Amino acid sequence: MQVNDVTRYECEGLIAVITVDSPPVNAFSAKVRQGIAGGLEKARADEAVGAVVLICQGKTFFAGADITEFGKPVIEPSLRTMQAMIEDFPKPVIAAIHGTALGGGLETALVCHYRIAVPSARMGLPEVNLGLLPGAGGTQRLPRVIGVAAALDLMTSGKQTGAKKALDMALIDRLADEGNLRGEAIAFAQAVLDEKRPLVKVRDMTEKLEEARANPALFDDFRKANARKFRGFKAPENIIRSVENVLKLPFDEGMVQERALFNELMEGSQSAAQRHVFFAERQAAKVDDIGKDVELLPVRKVGVIGAGTMGGGIAMNFLNVGIPVTIVETSQDALDRGLGIIRKNYEVTASKGKMKPEDVDMRMGLLTGVTMLEALADMDLIIEAVFENLDVKREVFAKLDAIAKPGAILATNTSYLDIDDIAAATKRPESVIGLHFFSPANVMKLLEIVRTKDTAKPIVATAGKLAKTIGKIGVTVGNGFGFVGNRILAARNTQCDQLVLEGATPQQVDKALYDFGFPMGHFQMRDLVGLDVGWNRETTSSANVREILNEMGRHGQKTKGGYYDYDEKRNHTPSPVALKVIEDFAAKQGIARRAISDEEILDRILYAMVNEGARILDEGIASRSSDIDICWVTGYGWPRYRGGPMFWADLQGVPQVLEKLKTLQAKHGDSFVPSPLIERLVAEGKNFNQA
Ligand code: 3H9
């Protein structure tokens, strides 16, 4: 019998089964909560019912609170009211878990009296990723089940635990056979009745807390050990404080405090930013004119041209998911070096226990190294990762055109060049696309999928699917200098270079960016990447500080000197040599150096970036402002808790952004001329998200 359109109620002997079917992920929407409450009422009223099984249909158990309801008035029963009904239910309630029990989903399983799960099920409290804490009792109940240290780790990392490990930790009571969850949950419920097992309430458990009681330093040790990881984020600290309450307060008071700490996060800008990122990541996978009907091309064999750092990293992505790769280099030496580095990378991963030793050989077994492009004739996808020079790339593509089979996807990993120009070297520009990986390519999440005016839809759709397959977040962007990410980086470059000439030091600029939340400063990043990337020894002409540093052999970390000096362990210190170069160059340019405040540094950098983002949006290079945010959060270290440059701009208010740009333009010139889009948005009373 249907309780409502997402909840079914059935009886199997003495057991009532409440089944929720609310795609896509059975989040606790008002309807779901009402359905469960309705089901429980029926089970309470029916004297023939001895126990209740709570189970879900579809791909997963409850994935948590319905995030789309956050910030709206609560419709009763709230999640907590519904949980109280379950916990205080006079008959045993058994949670039957498959898929992922996440957030409020796991918290609801924890108010059930017993839990059973299939081996493939996964469990976790990922609220921290949304800038929140588990606010439906998770911080108070999980430590009581698995202990304080393990609970802190799970909640502050958002990690998921598999069902077998969950059984070991006593997070669940029983494993069911895969595919027979309903049957086994009913049998388990019957056993609970037959054995007259008690109504176990996690809230009453205390045994697992003893270890932490004996070690009160645990919390501060945990804070210290994770200080770097948690830097800037508010949610981990609120989680820790809430777990501290588990030891200090009676359960009900702990719950009151949990709610207060949850509300504090919910009302703050960090959670809004992180929730924005959550939806923006999913939105990025959707391309307006590419529906589900667009044909996807098979990608069973991949060719990579260039076995340097980039080519090697790109190849690893495919090897990691079992797709064979043929990698091409011009000489046997370069090829051997490249293959050696890939193997070494895998061996290092294995030595850290993050990969089985036998997987190293398995992955290397999928890799073929060659020195002839002709070996790529039967590849489904070929990715070029050679030197960043238009003529070189055009030459490669002209050759590929003659070699690659019809229908093959021809991709370039260029970071700035015009892909239409590259595609024009072939007779099949519709097959050409940009796949812009970020260094290190096997680690960084972002993949800019660059679509030219000619790229065929199946090629774009296939690239999007492929991004998911290899664990990347693909953002489809248009073809234009630097696409999205690097074009905004270029705007940041201009300001950073100018700021140091006008009087700031590299470390002052870097500190401002670090304090804003970037993992490292601008000049540190340049030194890390290498100042010689894109520098040409033949044509260099001391035209800027960077060229001069390169001419002096200061290429960054690898030469122990760039904008900073580096010791053997790559620790950096301010460089008097680099500062002298900057001062001399400024003098040559007639720039009078002055004291520059941190506020000016941040304003100039951030507003220049936002302005460039607005231009990119206006030109259609990005199709939505949230795509720009995703590029910068996942590719360039923009702090997730600030949501990306365009979200940050919306938070400032678009009229304020316009005012600020006008002020900066008056003081610092034309690089701050506001994008026409900003003027239009202000006139229309809209923000970037509505552009
Ligand atoms: C919470 O529980 C707070 C409580 O502690 C306290 C409350 C008082 N709500 O990811 P997918 C949508 S906070 C609403 O592509 P997958 C998603 O936007 C919550 N919508 O699928 C997408 O929509 P669309 C804690 C949600 O198979 C669609 O579902 N829980 C929610 O790759 C498919 O999603 C979490 O943080 C939601 N909770 O992965 C879990 N979840 O199709 C968040 C998803 O329109 N969810 N959607 O783009 C996930 O991690 C993944 O979605 C999941 C499935 C692993 C479940």
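Both ligands and their constituent atoms are indexed starting at 1 by order of listing. Just so it is clear, the structure is predicted and the values come from calculations on it, not from any experiment.
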J.: Would one find more than 12 heavy atoms of other residues, nucleotides or ligands at under 6.0 Å from atom CD of Glu76?
T.: yes
J.: Take Ile630 and Val277 through the side-chain contact (heavy atoms from CB on, under 4.5 Å) test and state the conclusion after the steps.
T.: CA-CA 7 Å; Ile630 288 305; Val277 173; 4.1 Å; yes
J.: What atoms in ligand 1 come closer than 4.0 Å to a heavy atom of Val25?
T.: 26 (C), 29 (O), 31 (C), 41 (N), 44 (C), 47 (N), 56 (C)
J.: Tell me the nearest of Lys286, Glu127, Gln283, Gln160 to atom 45 (O) of ligand 1, using heavy-atom distances.
T.: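 Shortest heavy-atom distance from atom 45 (O) of ligand 1: Lys286.
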J.: Would you mind running through ligand 1 and noting each atom that sits below 4.0 Å from a heavy atom of Ile67?
T.: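 So the atoms of ligand 1 that pass are 9 (N), 14 (C), 37 (C), 38 (N).
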J.: Scan the protein's non-hydrogen atoms and note whether one is under 4.0 Å from atom 23 (O) of ligand 1.
T.: no
J.: Would you check if Val6 and Asp21 make a side-chain contact, meaning some heavy-atom pair closer than 4.5 Å?
T.: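 Side-chain contact under 4.5 Å: no.
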J.: Starting from atom 32 (O) of ligand 1, what is the nearest protein heavy atom, named by residue and atom, and what distance separates them?
T.: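 Ranking protein heavy atoms by distance from atom 32 (O) of ligand 1, first comes Lys468 NZ, 4.3 Å.
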J.: Considering only heavy atoms of Gly103, which atoms of ligand 1 have at least one such atom less than 4.0 Å away?
T.: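 The list of qualifying atoms is 2 (O), 25 (C).
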J.: Counting heavy atoms only, which of Pro24, Pro23, Ala63 comes nearest to atom 12 (C) of ligand 1?
T.: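 Minimum heavy-atom distance to atom 12 (C) of ligand 1 goes to Pro24.
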J.: Check whether more than 12 heavy atoms from other residues, nucleotides or ligands sit under 6.0 Å from atom NZ of Lys229, and answer yes or no.
T.: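 Yes, the 6.0 Å shell around NZ holds more than 12 heavy atoms from other groups.
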J.: Counting only heavy atoms, tell me which of Phe278, Phe28, Phe262 gets closest to atom 7 (C) of ligand 1.
T.: Phe262
J.: Between His276 and Phe647, does the ring centroid distance fall short of 6.0 Å?
T.: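 Ring centroids of His276 and Phe647 are less than 6.0 Å from each other.
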J.: Give me the nearest non-hydrogen protein atom to atom 14 (C) of ligand 1 as residue plus atom name, then the distance to 0.1 Å.
T.: Asp66 OD1, 3.3 Å
J.: Going by the order shown, which atoms of ligand 1 are within less than 4.0 Å of some heavy atom of Pro126?
T.: 30 (N), 35 (C), 36 (O)
J.: Polar-atom distance check: Ala65 versus ligand 1, any N or O pair below 3.5 Å?
T.: yes
J.: For Arg33 versus Met82, what's the shortest heavy-atom pair and its separation?
T.: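 Nearest heavy atoms, Arg33 then Met82: CA-SD, 3.8 Å.
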J.: Find the distance between CZ (Phe688) and OG (Ser626) and round it off to the nearest 0.5 Å.
T.: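 Reported value, rounded in 0.5 Å steps: 13.0 Å.
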J.: Counting each atom of ligand 1 from 1 as listed, which ones have a heavy atom of Pro134 under 4.0 Å away?
T.: 5 (O)
J.: Minimum heavy-atom separation for Gln140 to Glu258, with atom names?
T.: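 Shortest heavy-atom contact: N-OE2, 3.6 Å.
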J.: Could you tell me which atoms of ligand 1, counted from 1 in the order shown, lie closer than 4.0 angstrom to a heavy atom of Glu107?
T.: 4 (C), 5 (O)
J.: Is the closest N or O pair between Gly135 and ligand 1 shorter than 3.5 Å?
T.: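 Yes.
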J.: Under 4.0 Å, counting heavy atoms only: does Leu102 come that close to any atom of ligand 1?
T.: yes
J.: At a non-hydrogen distance cut-off of under 4.0 Å, which region of Lys59 contacts ligand 1 (side chain, backbone, both, or neither)?
T.: side chain
J.: Looking only at distances, please establish whether an N/O atom of ligand 1 is found under 3.5 Å from an N/O atom of Leu79.
T.: no
J.: Can you list the atoms of ligand 1 that are under 4.0 Å from a heavy atom of Ala136?
T.: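 Ligand 1 atoms under the 4.0 Å threshold to Ala136: 5 (O), 6 (C).
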J.: Give a yes/no on ligand 1: does Arg259 have at least one heavy atom closer than 4.0 angstrom to it?
T.: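 For ligand 1, residue contact (heavy atoms, under 4.0 Å) with Arg259 is present.
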J.: Ignoring angles and geometry beyond distance, decide whether Thr100 reaches within less than 3.5 Å of ligand 1 through its nitrogen or oxygen atoms.
T.: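 No, since none of the N or O atoms of Thr100 sits under 3.5 Å from an N or O of ligand 1.
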J.: Taking only heavy atoms of Gly64, which atoms of ligand 1 are found under 4.0 Å from at least one of them?
T.: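 The list of qualifying atoms is 2 (O).
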J.: Does either side chain, that of Asn4 or that of Lys31, offer a donor lying less than 3.5 Å from an acceptor on the other one?
T.: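 Side chains of Asn4 and Lys31: no pair found under 3.5 Å.
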J.: For the residue pair Arg363 and Asp359, establish whether any side-chain heavy-atom pair is separated by less than 4.5 Å.
T.: yes
J.: Looking at every heavy atom in both Gly643 and Val633, which two are closest together, and how far apart are they?
T.: C-CG2, 4.0 Å
J.: Below a 4.0 angstrom heavy-atom separation, can you tell me which part of Leu130, side chain or backbone, both or neither, approaches ligand 1?
T.: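 Under 4.0 Å from ligand 1, Leu130 contributes side-chain atoms alone.
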J.: Is Thr68 in polar range of ligand 1, meaning some N or O pair under 3.5 Å apart?
T.: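 No - when backbone and side-chain N and O of Thr68 are compared with those of ligand 1, no distance drops under 3.5 Å.
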J.: Check whether any side-chain heavy atom of Ile67 sits under 4.5 Å from a side-chain heavy atom of Phe278, and report yes or no.
T.: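 Of all side-chain heavy-atom pairs linking Phe278 with Ile67, at least one is under 4.5 Å.
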J.: Can you find a pair of side-chain heavy atoms, one from Lys91 and one from His113, that are under 4.5 Å apart?
T.: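 Side chain of Lys91 against side chain of His113, heavy atoms only: no contact under 4.5 Å found.
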J.: Going by heavy atoms in the side chains, are Leu154 and Leu125 under 4.5 Å from each other?
T.: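 No; the side chains remain at least 4.5 Å from each other.
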J.: Please list the nearest protein heavy atom to atom 11 (P) of ligand 1 with its residue and the distance rounded to 0.1 Å.
T.: Arg282 NE, 3.6 Å
J.: For atom 18 (O) of ligand 1, what's the nearest protein heavy atom and its distance?
T.: Phe279 CE2, 3.5 Å
J.: Give a yes or no on whether atom 39 (O) of ligand 1 lies under 4.0 Å from any heavy atom of the protein.
T.: no
J.: How about Phe516 and Trp638: are their ring centroids closer than 6.0 Å?
T.: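 Judged by ring-centre distance (under 6.0 Å), Phe516 and Trp638 do meet the cut-off.
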J.: Examine Gly104 against ligand 1 and note whether any of their N/O atoms are separated by less than 3.5 Å.
T.: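 Yes.
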J.: Report yes or no: is the cationic atom of Arg275 (NZ for Lys, CZ for Arg) closer than 6.0 Å to the six-membered ring centre of Phe279, at no more than 45° off its axis?
T.: no
